[in-house]
Amino acid sequence: IGLLGLPNAGKSTFIRSVSSARPKVADYPFTTLQPHLGVVRVDTDRSFVVADIPGLIEGAAEGAGLGHQFLRHLQRTHLLLHLIDIAPFDTNANPVIDAQAIAKELKKYDETLFQKPRWLIINKIDLIDLEKQKSIVETFIKALNWEHPFFVISAITGEGCKALSFEIMKFVESTRHNAEL
């Protein structure tokens, strides 16, 4: 499973939340400088590996920010988890535009990578007022015209992470089963 998103989307915090991996986490961009792997165990004999790659930036498909190197890691995955910061610190940031920018980089780099199953992981929901959460998520999904799986989590508090891990495990097991047929 490959994690992708902009710097500070919460990829390293997520992998820390669901596995024993301990990548560095800080509140500045490009804290993660190299990929980290974590094993997520959902039961005694049920686990999968998650790859936390450094944040992608615009121009990654052309090599900006070591984009080629990081995108190459994602080619070896079976599922992409596209983490989105739904409550960016920068008031000029727009999560919809940010999500579209990452999708464009995937497509420019490799059409096969772009077509790979990709789930949106709407992160940092804990930073949004409880009354506004549902509305903000619905507006975001509608603006993206997203018709694939999406999950709402807070990687730092763990909210939604366990349920997401079980859904990923179901996907992995289904993929393995279909490959054996």
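All values reported here derive from a predicted model rather than from experimental measurement. Computed over heavy atoms, backbone and side chain alike; hydrogens, waters and symmetry mates excluded.
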Apply ring-ring contact (aromatic ring centres under 6.0 Å, His included) to His148 and list each qualifying residue two or more places apart in sequence or on a separate chain. Trp146
Residue pair Ser47 / Val39: nearest heavy atoms and the distance that separates them: CB-CG1, 3.9 Å
Rounded to the nearest 0.5 Å, how far apart are CZ of Phe114 and NZ of Lys108? 12.5 Å
Within the supplied structure, the quantity of interest is the number of heavy atoms (other residues, nucleotides, ligands) at a distance under 6.0 Å from Arg41 CZ; does it exceed 12? no
Starting from Leu81, can I reach Ile122 by hopping between I/L/V/M/F/W/Y residues whose side chains sit under 4.5 Å apart? no
Quick one: do Val137 and Ile128 satisfy side chain to side chain contact (heavy atoms under 4.5 Å, CB included)? Show the steps, please. CA-CA 10 Å; Val137 169; Ile128 305 222; over 6 Å; no
Assess whether side chain to side chain contact (heavy atoms under 4.5 Å, CB included) is satisfied between Leu79 and Phe48, documenting all intermediate values. CA-CA 11 Å; Leu79 172 66; Phe48 57 89; over 6 Å; no
How many angstroms lie between atom CG of Leu127 and atom OG of Ser154, to the nearest 0.5 angstrom? 7.0 Å
Shortest non-hydrogen separation from Gly10 to Asn123 and the atoms involved: CA-ND2, 3.5 Å
Is a salt bridge present between Lys170 and Glu173, judged by a nitrogen-to-oxygen distance below 4.0 Å? no
Any side-chain heavy-atom pair from Ile84 and Val96 closer than 4.5 angstrom? no
Hey, could you give me the CG/CE distance between Asp43 and Met169, rounded to the nearest 0.5 Å? 9.5 Å
Quick one: does Ile1's side chain get under 4.5 Å of Val172's, heavy atoms only? yes
Say whether Leu6 and Leu106 are linked into one hydrophobic cluster, either directly or through other cluster members, by side-chain heavy-atom distances under 4.5 angstrom. yes
Exam field: side chain Lys116 to backbone Gln75, donor-acceptor pair closer than 3.5 Å: yes
To the nearest 0.5 Å, tell me how far His82 NE2 sits from Leu144 CG. 8.5 Å
Are Ile153 and Ile141 in one and the same hydrophobic cluster, where Ile, Leu, Val, Met, Phe, Trp and Tyr link if side-chain heavy atoms are under 4.5 Å apart? no
Going by atom types alone, do Thr157 and Asp126 pair a side-chain donor with an acceptor below 3.5 Å? no
Between Gly158 and Ser17, what is the shortest heavy-atom contact and its length? CA-OG, 3.9 Å
Spacing of CG belonging to Leu120 relative to CD1 belonging to Ile86, to within rounding of 0.5 Å: 9.5 Å
Specify the closest pair of heavy atoms between Val50 and Ile15, including all atoms of both residues, with the distance to one decimal. O-CD1, 3.5 Å
Indicate, with yes or no, if Ile121 and Phe140 share a hydrophobic cluster defined by side-chain heavy-atom contacts under 4.5 Å among Ile, Leu, Val, Met, Phe, Trp and Tyr. no
Mutual orientation of the aromatic rings belonging to Trp119 and Phe151 [parallel < 30°, tilted 30-60°, perpendicular > 60°]: tilted
State, to 0.1 Å, how close Ala103 and Arg118 come at their nearest heavy-atom pair, and which atoms those are. CB-NH2, 3.8 Å
For Ile102 and Gln100, what are the C-alpha separation, side-chain angles and deciding distance, and is it a side chain to side chain contact (heavy atoms under 4.5 Å, CB included)? CA-CA 5 Å; Ile102 293 294; Gln100 291 169 334; over 6 Å; no
Rounded to the nearest 0.5 Å, how far does CG of Asn8 lie from CG of Asp90? 11.0 Å
Correct closest heavy-atom pair for Ala155 and Cys161 would be CA-SG, 3.9 Å
Is the shortest heavy-atom distance from the side chain of Leu83 to the side chain of Asp85 under 4.5 Å? no
Take Leu113 and Leu80 through the side chain to side chain contact (heavy atoms under 4.5 Å, CB included) test and state the conclusion after the steps. CA-CA 9 Å; Leu113 182 60; Leu80 301 174; 4.1 Å; yes
Shared hydrophobic cluster, Ile136 / Ile156 (ILVMFWY, side-chain heavy atoms < 4.5 Å): no
